[in-house]
Amino acid sequence: DGAAIFDTVNQLMNSEILAALELGIEMMEAGTLPQQDFPTLVALASVARQRDIASPEMLDFYFGFDGSDPAYMTYH
């Protein structure tokens, strides 16, 4: 459930979010991110954006939060 994933991620510390986001993006780029973990990665990115703890440009590039075509589409 997306809301439960978001709630869980929202309870993490900023440093935990950034570390998990970095690992998730690396795994996504390498093609090793399990499909079932993708919603968690999006939740991590969303919380990072809300907290303003990650580069908006990076988040827009990978996740399309600005309405652009997200890079993650090329990794699926």
Side-chain angles (χ1 to χ4, degrees):
D1 166 63
I5 293 170
F6 182 85
D7 289 343
T8 299
V9 168
N10 203 27
Q11 294 176 29
L12 298 174
M13 293 174 31
N14 289 351
S15 60
E16 294 171 312
I17 291 169
L18 290 174
L21 184 61
E22 181 179 354
L23 177 63
I25 289 172
E26 288 174 4
M27 291 177 70
M28 181 176 61
E29 288 181 331
T32 59
L33 182 71
Q35 191 70 25
Q36 68 268 17
D37 291 343
F38 186 72
T40 301
L41 182 59
V42 173
L44 287 162
S46 178
V47 172
R49 176 122 183 164
Q50 288 180 355
R51 294 186 187 180
D52 197 25
I53 59 172
S55 160
E57 294 82 12
M58 181 268 298
L59 294 173
D60 290 342
F61 174 77
Y62 284 105
F63 302 100
F65 291 148
D66 63 350
S68 63
D69 289 334
Y72 76 75
M73 297 298 284
T74 63
Y75 298 110
H76 284 273

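FYI, side chains are in, hydrogens and waters are out, and symmetry mates aren't considered; it's all heavy atoms of this structure.
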Asks: Could you pull out the closest heavy-atom pair between Val9 and Arg51, with the gap in Å?
Replies: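 Heavy atoms of Val9 and Arg51 come nearest at O-NH2, 4.4 Å.
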
Asks: Rounded to the nearest 0.5 Å, what separation is found between the OG atom of Ser46 and the CG atom of Leu41?
Replies: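 Separation between the atoms: 11.5 Å.
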
Asks: Say you draw a straight line from OG1 of Thr40 to CG of Leu33; how long is it, rounded to the nearest 0.5 Å?
Replies: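 One gets 9.0 Å once the value is rounded to the nearest 0.5 Å.
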
Asks: Return the set of residues passing ring-ring contact (aromatic ring centres under 6.0 Å, His included) with Phe63 (not counting sequence neighbours), or none when no residue passes.
Replies: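 With sequence neighbours excluded, Phe63 shows a ring-ring contact (aromatic ring centres under 6.0 Å, His included) to Phe65, given in chain and number order.
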
Asks: For the residue pair Gly64 and Pro70, what are the closest heavy atoms and their distance?
Replies: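 So the minimum-distance heavy-atom pair works out to N-CB, 3.5 Å.
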
Asks: For a quick test of reading the model, state the closest non-hydrogen atom pair linking Ile17 to Ala48 and the distance between them.
Replies: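 Heavy-atom minimum between the residues: CG2-CB, 4.1 Å.
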
Asks: Taking atom types as modelled, is there a side-chain donor on Glu29 or Tyr62 under 3.5 Å from an acceptor on the other?
Replies: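 Yes, a side-chain donor-acceptor pair sits under 3.5 Å.
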
Asks: On a heavy-atom basis, which atom in Ile53 and which in Leu18 lie closest, and how many Å separate them?
Replies: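 Scanning both residues completely, I find the closest heavy atoms to be O-CD2, 3.4 Å.
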
Asks: Passes side chain to side chain contact (heavy atoms under 4.5 Å, CB included), Ile25 versus Met58? Steps please.
Replies: CA-CA 10 Å; Ile25 289 172; Met58 181 268 298; 3.6 Å; yes

Asks: Does Thr8 reach the main-chain N or O of Ala4 with its side chain, forming a donor-acceptor pair under 3.5 Å?
Replies: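 Judged by distance alone, yes, a pair lies under 3.5 Å.
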
Asks: Quick one: pull up OG1 in Thr32 and CG in Leu23 and give me the separation to the nearest 0.5 Å.
Replies: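 Taking OG1 in Thr32 and CG in Leu23, the distance rounds to 8.0 Å.
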
Asks: If we only count heavy atoms from C-beta on, is the Asp37 to Pro34 side-chain gap below 4.5 Å?
Replies: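 With C-beta onward as the side chain, the pair touches.
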
Asks: For Leu44, does its backbone N or O pair with a side-chain atom of Arg49 as donor and acceptor, under 3.5 Å?
Replies: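 Looks like no, no N/O pair under 3.5 Å.
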
Asks: Taking all non-hydrogen atoms of both residues into account, name the closest pair between Asp66 and Ser68 and its distance.
Replies: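 Heavy-atom minimum between the residues: OD1-OG, 2.6 Å.
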
Asks: If I compare all heavy atoms of Pro39 with all of Gln36, which pair ends up nearest, and what's the gap?
Replies: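 So the two residues come closest at CD-O, 3.5 Å.
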
